[in-house]
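Notes to accompany the following structure.
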Amino acid sequence: MHADVFEYRPLLLSVAYRMLGERQEAEDIVQDIYARWLEMDVQHIQQPRHYLLRAVTNHSINRIKILQQQRELYSGPWLPEPATATPEPPAAEGDHLSIGFLFLLEKLNPLERAVFLLRESFDVAYKELETILDIPEASCRQHLHRAKEKLQQDKKRFNTDTAQHQQLMKAFMEACLNMDQTKLVSLLREDIAFYSDGGGKASAAVHPLFGPDTVARFILGIFKHRPVVQPLFQQLWVNGQQAIGVFDAATRQPVLCICFEAGQEGIDSFYFIRNPDKLKNIRYSL
């Protein structure tokens, strides 16, 4: 048996999570792959990393086809589940994909998503992609080209530097806590989009909202009425990007995770995650 086979677990988990956007689903797939590995005669497998990567990728493709059908029946917009949330910045920010970018990947079909992630996020060579996905290199290149075309309109916005993001987040919180609609509107792009995921288990907008005035009024309504009687706010790093966690002061339980994407002209998209099932990795830090 290959003694070091479990060293690939972080890679496999990252691939599955980025494919599915759900941490538990990703962990289930990786666990299942390893369980099968332990039951197999693996002495003939020359490249265990390649074998496992192929297995996880194809299981993820099959699983996301089912999940996408379920998400069509989801109550309101479906947002990815945060995989990591820490009070301190991650050691390597480039190792993460933000909630906004994972949400953007929903534009891709499963095969396009697999090709794009393996090539762009994990730098998998085309020759290896051929055998992972059982399609010719030319087809891999075509799928990648189509994926980039679908993402290009929005992908260019995902380039805010950390300092600018922090300044916008601070200004956003000040505007919300002071109920300053004029200030809040000034932080938003004209094409601002707002997505809120309650999953039918917490109050949320059942449709996306667009436009500075509409989005600002809705957000200030949340802050005015408050998701809990005594909220606690804490800056967090969620999937490698700065975000805001809202907690119940009495229980320290998370009630809302606020993520946003921005460019040079201001904030262009909000992602308010309120579904309690997706807040399991959000914790208040003393």
Side-chain angles (χ1 to χ4, degrees), residues 1-74 78-85 95-99 101-103 105-125 127-135 139-140 143 147 197 199 201 238-240 273 275-283:
M1 180 182 294
H2 302 277
D4 58 351
V5 72
F6 288 98
E7 73 179 69
Y8 305 122
R9 189 178 186 280
L11 168 64
L12 303 177
L13 187 58
S14 184
V15 170
Y17 168 71
R18 295 182 187 199
M19 281 291 296
L20 306 175
E22 296 187 36
R23 179 77 180 192
Q24 189 59 56
E25 288 279 354
E27 290 179 347
D28 289 345
I29 283 180
V30 173
Q31 182 69 21
D32 182 58
I33 295 299
Y34 273 119
R36 296 184 185 190
W37 174 274
L38 293 174
E39 294 174 354
M40 292 169 49
D41 177 8
V42 297
Q43 298 303 318
H44 66 286
I45 298 178
Q46 300 294 321
Q47 298 176 301
R49 175 190 173 277
H50 177 82
Y51 177 90
L52 294 168
L53 188 57
R54 174 187 166 103
V56 165
T57 299
N58 285 286
H59 275 62
S60 297
I61 288 174
N62 292 334
R63 183 59 182 156
I64 199 173
K65 291 176 181 177
I66 297 172
L67 291 176
Q68 287 179 335
Q69 292 175 352
Q70 295 175 354
R71 289 168 190 173
E72 292 177 0
L73 304 175
Y74 193 80
W78 178 92
L79 294 178
E81 173 190 353
T84 60
D95 291 342
H96 303 270
L97 290 185
S98 69
I99 294 297
F101 196 83
L102 287 172
F103 180 67
L105 292 180
E106 291 294 301
K107 289 185 174 184
L108 308 181
N109 67 44
L111 190 54
E112 289 170 345
R113 187 162 179 158
V115 171
F116 178 86
L117 288 171
L118 291 174
R119 182 68 186 148
E120 297 293 303
S121 289
F122 301 100
D123 199 28
V124 175
K127 285 297 182 184
E128 188 174 7
L129 278 178
E130 276 190 310
T131 53
I132 288 175
L133 300 170
D134 285 325
I135 58 176
S139 295
C140 291
H143 285 298
D197 181 344
K201 299 182 178 182
V238 174
N239 285 30
I273 302 172
N275 184 342
D277 294 339
K278 296 186 178 182
L279 299 177
K280 296 186 294 290
N281 293 313
I282 309 290
R283 291 181 174 85

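No hydrogens, no waters, no symmetry mates; every other heavy atom, side chains included, goes into these values. Because the structure is a prediction, the values reported are computed rather than measured.
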Contact check, side chains of Ser60 and Ile29, non-hydrogen atoms, under 4.5 Å: yes
- prompt: Under the side chain to side chain contact (heavy atoms under 4.5 Å, CB included) test, which residues partner Arg49, sequence neighbours left out?
  reply: Tyr8, Leu11, Leu53, Glu128
message: Quick one, His143 and Ile135 - any side-chain contact, counting heavy atoms below 4.5 Å?
response: yes
message: Salt bridge check, Glu22 against Arg71: does any charged N sit closer than 4.0 Å to a carboxylate O?
response: yes
message: Is it the case that the side chain of Lys278 and the backbone of Leu79 share a donor-acceptor pair, with hydrogens and angles ignored and the cut-off at 3.5 Å?
response: yes
Sidechain-backbone polar pair: Lys280 side chain, Asp277 backbone, donor-acceptor under 3.5 Å: yes
field: Any side-chain heavy-atom pair of Arg63 and Ile66 under 4.5 Å
entry: yes
- prompt: Taking C-beta and beyond as the side chain, do Glu120 and Val115 meet within less than 4.5 Å on heavy atoms?
  reply: no
query: Would you say the side chain of Ile61 lies within less than 4.5 Å of the side chain of Met19, judging by non-hydrogen atoms?
result: yes
message: Heavy-atom count check: over 12 atoms from other residues, nucleotides or ligands less than 6.0 Å from Gln68 CD?
response: yes
- prompt: Can you tell me how far the NE2 atom of His59 sits from the CD1 atom of Ile33, to the nearest 0.5 Å?
  reply: 4.0 Å
- line: Looking only at heavy atoms, the pair that brings Pro276 and Lys201 closest together is CD-CB, 3.8 Å
- prompt: If you round to the nearest 0.5 Å, how far is OG1 of Thr57 from CG of Leu118?
  reply: 4.5 Å
task: Give a yes or no answer on whether the side chain of Glu112 reaches the backbone of Ala147 with a donor-acceptor pair at less than 3.5 Å.
output: no
- request: List the atom of Pro80, the atom of Phe103, and the distance in Å for their closest heavy-atom pair.
  value: CG-N, 3.6 Å
Evaluation steps, side-chain contact (heavy atoms from CB on, under 4.5 Å), between Leu105 and Leu117: CA-CA 9 Å; Leu105 292 180; Leu117 288 171; 3.7 Å; yes
task: Might you point out which heavy atoms bring Ile273 and Leu279 nearest each other, and give the distance in Å?
output: O-CD2, 3.6 Å
query: CD/Glu39 to CZ/Arg36 distance, rounded to the nearest 0.5 angstrom?
result: 9.0 Å
- prompt: Is a side-chain N or O of Tyr51 found less than 3.5 angstrom from the main chain of Trp37, in a donor-acceptor match?
  reply: no
Interatomic spacing from CG in Leu102 to CG in Leu20 - rounded to 0.5 Å: 10.5 Å
task: Rounded to the nearest 0.5 Å, what's the gap from OG1 on Thr84 to CD1 on Ile282? Could you check?
output: 8.5 Å
- prompt: Shortest non-hydrogen contact from Glu25 to Leu67?
  reply: OE2-CD2, 3.8 Å
message: Give me the atom names and distance for the closest heavy-atom approach of Ala26 to Tyr17.
response: CB-N, 3.4 Å
message: Distance check, rounded to the nearest 0.5 Å: Met40 atom CE versus Ile45 atom CD1?
response: 4.0 Å
Heavy-atom side-chain contact between Asn58 and Asp134 under 4.5 Å: no
query: Quick one: does Arg113's side chain have a donor or acceptor within less than 3.5 Å of a partner on Arg18's backbone?
result: yes
- prompt: Looking only at heavy atoms, which two atoms of Asn281 and Pro82 are closest? And how far apart?
  reply: ND2-O, 3.2 Å
